[in-house]
Asks: 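Below is the structure I would like to discuss, written out as structure tokens.
Lettering of chains follows the sequences in order, A, B, ..., and the numbering in each one begins at 1. Computed over heavy atoms, backbone and side chain alike; hydrogens, waters and symmetry mates excluded.
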Amino acid sequence: MESLSTVNTERVNAVPVRYDEPLVRAAQQGDRQAYHALYKHYHQRVYALCYRLTADTGMAEDATQEVFIQLWQKLKNYTWKSRFSTWLHSVATHITVSYMRKQKSWVAHMLNIETSPEVQALDASRCTSEVDLEALIIRLPERARVVFVLHAIEGYRHDDIAALLNIATGTSKAQFHRARGMLIKWLDGENYGQ
Amino acid sequence: MDSKSRLSKLLKQLPTEKAPERDLWQGIELGLEPPERSVSKGRLLWLGSAAALILSVGLITPPWVSFTPESAQSPVQSPAQQPFEPRGNTEPLLGNALVSSLSKQHTAQLNALLTTMQSMPALTQNWQQQLTDLRQAETVITRALKQDPNNTALLQMLQNVHQQQLFLVKRVHTPQWQRI
């Protein structure tokens with residue numbers, strides 16, 4: 001898990017205060033109250049990641065729960081070689097991708113089917129002068145979106161993404177450029193819904 | 001601004017957090033099982049972790065002299081500097097009395113600091129949440145101390161979390177140019 005440590009730590013750790021150490025250490029010893037405090041601090045970051053990867057509120061909620069249930073057991077593996085938030089992000093990414101793999105529809109999408117037209121179609125009325133980039137990302141085709149989120153937002157290298165998604169590095173790069181191209185087109189106000 | 005630059009700018013502005021629409025904790029709590037660790041082993045690991053924390057905190061502890069508010073009567077000191085006894089009392093405190101004294105002293109310092117800083121803008125939006133988390137960590141440690149009031153590792157951990165609270169409040173209210 002920790003080999004995939006290229007996540008954008010600056011985004012994750014705006015204030016580098018070691019506030020979570022006592023909580024992590026207590027949670028590692030089975031203190032549920034401490035773990036709940038950790039959950040309250042980090043769950044919105046994890047949920048944001050899950051939502052961007054799954055593009056679905058319900059799946060993101062389920063994936064977030066899955067992350068924190070599995071994390072409880074994985075806490076003993078955390079060895080303080082990296083920041084807890086960095087490690088958590090890496091674990092959350094792996095668990096979410098695994099969760100998505102378990103969903104039959106996701107496997108189908110990843111193998112050969114792009115996102116359905118109704119999902120891909122962009123509601124131009126939402127694109128006011130204040131562009132909602134999140135909404136645009138969510139409307140990207142699934143393969144392109146997952147790669148884009150991992151590379152452009154989470155800071156993973158294409159090699160790591162390829163290993164995580166079991167695809168070729170070149171495929172990861174191609175999907176990233178595809179996603180980026182679509183977003184730029186949409187920002188130009190052209191070709192909505194294509 | 002062209003679309004490529006705009007996309008880069010929007011990416012940097014993308015929020016790192018998003019709130020789920022429902023409470024997820026209840027479902028998570030139901031799924032939690034006891035960690036795979038025996039009690040005795042856990043006890044040893046706890047003490048080892050506490051020692052590691054103290055060592056690491058001792059290595060990174062910055063000088064605390066400069067950020068004590070004028071309204072606070074006693075300066076904030078590092079764990080190594082701070083004695084386990086209240087000012088003006090020649091008899092060192094022990095056990096629960098010491099924990100109580102440390103907590104009261106810290107609460108007074110924190111309140112004084114918050115009063116001093118309340119008119120200054122904060123550099124981050126979620127510092128109060130972080131402070132709440134630190135207070136919860138303090139609660140966890142205090143609870144552990146009730147079971148083992150003379151555990152020096154826990155006492156130093158309590159002092160550490162106290163100092164992190166003060167450091168957080170000071171840091172988020174300090175203008176960037178003063179931090180250079």
Asks: Looking at OG of B/S5 and CD1 of A/I184, how far apart are the two atoms once the value is rounded to the nearest 0.5 Å?
Replies: 9.0 Å

Asks: Kindly compute the distance separating CG (A/L133) from NZ (B/K9), expressed to the nearest 0.5 Å.
Replies: 12.5 Å

Asks: Using a cut-off of under 4.5 Å for heavy-atom pairs, which of A/H36, A/H43, A/Q70 has the most such pairs with chain B?
Replies: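 The candidate making the most pairs under 4.5 Å is A/H36.
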
Asks: Say you draw a straight line from CG of A/D188 to NZ of B/K4; how long is it, rounded to the nearest 0.5 Å?
Replies: 10.0 Å

Asks: Please check if atom CD in B/E21 has more than 12 non-hydrogen atoms from other residues, nucleotides or ligands closer than 6.0 Å.
Replies: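 Not buried by this count: 12 neighbours or fewer within 6.0 Å.
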
Asks: Might you work through the side-chain contact (heavy atoms from CB on, under 4.5 Å) test for A/L187 and B/L10, ending with a clear yes or no?
Replies: CA-CA 10 Å; A/L187 287 173; B/L10 287 169; 3.7 Å; yes

Asks: Against chain B, work out which of A/V46, A/V67, A/L38, A/I69 has the most heavy-atom pairs shorter than 4.5 Å and name it.
Replies: A/I69

Asks: Using only atom types and a distance under 3.5 Å, with no angle test, would you say the side chain of A/R32 pairs donor to acceptor with the backbone of B/L32?
Replies: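 Between the backbone of B/L32 and the side chain of A/R32 there is a qualifying donor-acceptor contact (under 3.5 Å).
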
Asks: Can you tell me how far OG of B/S8 sits from CZ of A/R180, rounded to the nearest 0.5 angstrom?
Replies: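 Taking CZ in A/R180 and OG in B/S8, the distance rounds to 6.5 Å.
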
Asks: Using the test side-chain hydrogen bond (donor to acceptor under 3.5 Å, both in side chains), find all partners of B/E29 that sit at least two apart in sequence or belong to another chain.
Replies: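 Partners of B/E29 by the side-chain hydrogen bond (donor to acceptor under 3.5 Å, both in side chains) criterion, ordered by chain and then number, come out as B/W25.
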
Asks: Compare every heavy atom of A/H41 with every heavy atom of B/E17, then report the nearest pair and how far apart it is.
Replies: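 The pair with the smallest heavy-atom distance is OE2-O, 4.3 Å.
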
Asks: Take A/Q44 and B/K18 through the side-chain contact (heavy atoms from CB on, under 4.5 Å) test and state the conclusion after the steps.
Replies: CA-CA 5 Å; A/Q44 292 194 16; B/K18 184 176 177 66; 5.9 Å; no

Asks: Show your reasoning for whether side-chain contact (heavy atoms from CB on, under 4.5 Å) applies to A/Y39 and B/L24.
Replies: CA-CA 10 Å; A/Y39 162 80; B/L24 305 178; 3.3 Å; yes

Asks: For residues 164-172 of chain A, which side-chain N or O atoms pair as donor and acceptor with protein atoms under 3.5 Å away, sequence neighbours left out?
Replies:
residue, atom, partner, partner atom, Å
A/T169, OG1, A/D159, OD1, 3.3
A/S172, OG, A/H158, ND1, 2.8

Asks: What's the spacing between A/L183 CG and B/L11 CG if we round to 0.5 Å?
Replies: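 Atom-to-atom, A/L183:CG and B/L11:CG are 7.5 Å apart.
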
Asks: List the steps, then state whether side-chain contact (heavy atoms from CB on, under 4.5 Å) holds for A/R52 with B/L14.
Replies: CA-CA 11 Å; A/R52 286 167 188 155; B/L14 206 59; 3.5 Å; yes

Asks: Output the distance between atom CG (B/L7) and atom CD1 (A/I137), rounded to the nearest 0.5 Å.
Replies: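 These two atoms lie 8.0 Å from each other.
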
